[in-house]
Amino acid sequence: MEKKINAIAILTSGGDAPGMNSAVYAAAKTACAKGLKVYGVRYSYWGLTNDIDNCLIEFNVNNIGDILNQGGSYLRSMRFKEFYKEEHLQKAIANCRDKGIDGLVVIGGDGSFRGARDLTLRGLPCIGIPGTIDNDIPSSDYTLGYDTCLNTIKTLCASLCDTISSNDRCMVVEIMGNQCSDLTVNGGIATGATAIVVPEIMESINNDAAGYVVEKIRKARELREAQGTSSGDIKKFYLVLVAEKMPGVNVADIASAVEKKLGIESRSIVLGHLQRGGTPSSFDVIMGCRMGNKAVKLLMDGISNRVVVRKGSDIVDYDILEALDMKTPFDYDLLEIANELGV
Ligand code: F6P
């Protein structure tokens, strides 16, 4: 392979996600193996722009060792909202030129890819890798961190079910996703939730999330009582998953409606940032490695302004601008499965 660049930098941007470190590790190791200089940039675009001297770590095959399977972001991840401003972009470009960096790998979400496109347009070749628990990057079937996060939701909800099954209670759980319903829908299937509430159903339920959940649980209870069991031990607990950031919807109100209307003692919980931590799943580690490896090979081939994404079981790359314009239709079939199983 012809070497078209000499030194690359790698950064993580936006909310941290399990698997980001795996991608950093793979990009760094690939570049080391090909004889490039490799830097990690601490504190994302902010570090690249405002404090390059303190934020650059030079990686080699010895000191990159331990982060492959680490959760969070070793390099630190943050949102630098001002990064679209010309003065910041020019400063970042000048800093990279000064340090001899001629390629950048950016691991983050769509906002981070916009920064990568802006830098490429100004002369620094960049490649993006989708890293966020939300799975909300339309160009990719999958984002680093999503699989681990789903597993975490499953584990945390199993703990909740231990306690609610002991008290015949209902638990209403708020799930992250930043306006993308994937974690809630697939989390609902993985946990056997009785009801899930996501933005895509709101119109069809007249924006009455609490009323919808009450009816769903009422029907489930009727079915359970009608079918009975030989021991007479009917399942009496209910798990409900609700997507975060839905205007006018909150888990405490839903729990209180279930208690009032159905007489089922109810509690609510926001899982919050517990969902974002943890050791990456093998799937996230392997995807991070495949994406990190490919990103560096593209840069070495003189290719830039691309995002490395998963399509089906392949790792492919798209132009960043095209990728940013893509839309993913909501999967109503999956929602139907979640609903059919929620009894
Ligand atoms: O994008 C990842 C994410 O965890 C979202 O699911 C959530 O809405 C948001 O970040 C939380 O952001 P912060 O950590 O800044 O509170």
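Keep in mind the model is a prediction, meaning the values are calculated, not measured. All residue numbers in this chain count up from 1 along the given sequence. All ligand and atom numbering here is 1-based and tracks the order in the structure.
- Contact residues for ligand 1 (protein heavy atom closer than 4.0 angstrom to any ligand atom): R79, T132, I133, D134, M176, G177, N178, E244, K245, H273, R276.
- Each ring pair (Phe, Tyr, Trp, His ring centres under 6.0 Å) pair with one or both residues in residues 86-123, not counting sequence neighbours, appears once here: F80-H88.
- Residue pairs meeting the side-chain hydrogen bond (donor to acceptor under 3.5 Å, both in side chains) criterion with at least one partner in residues 325-343, sequence neighbours excluded, are Y212-N339.
- Using a 4.0 Å cut-off between charged nitrogen and carboxylate oxygen, D141 and K311 count as a salt-bridge pair.
- Hydrophobic clustering places I133 together with I269 (ILVMFWY residues linked when any side-chain heavy atoms are closer than 4.5 Å, directly or through intermediates).
- Listed here is the closest heavy atom pair of F59 and Y39: CD1-C, 4.2 Å.
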Side-chain donor/acceptor pairs under 3.5 Å, residues 237-252, sequence neighbours excluded:
residue	atom	partner	partner atom	Å
E244	OE2	G177	N	3.1
E244	OE2	N178	N	2.7
K245	NZ	N178	OD1	2.9
N250	OD1	A252	N	3.0
N250	OD1	D253	N	3.1
N250	ND2	D253	OD2	2.8

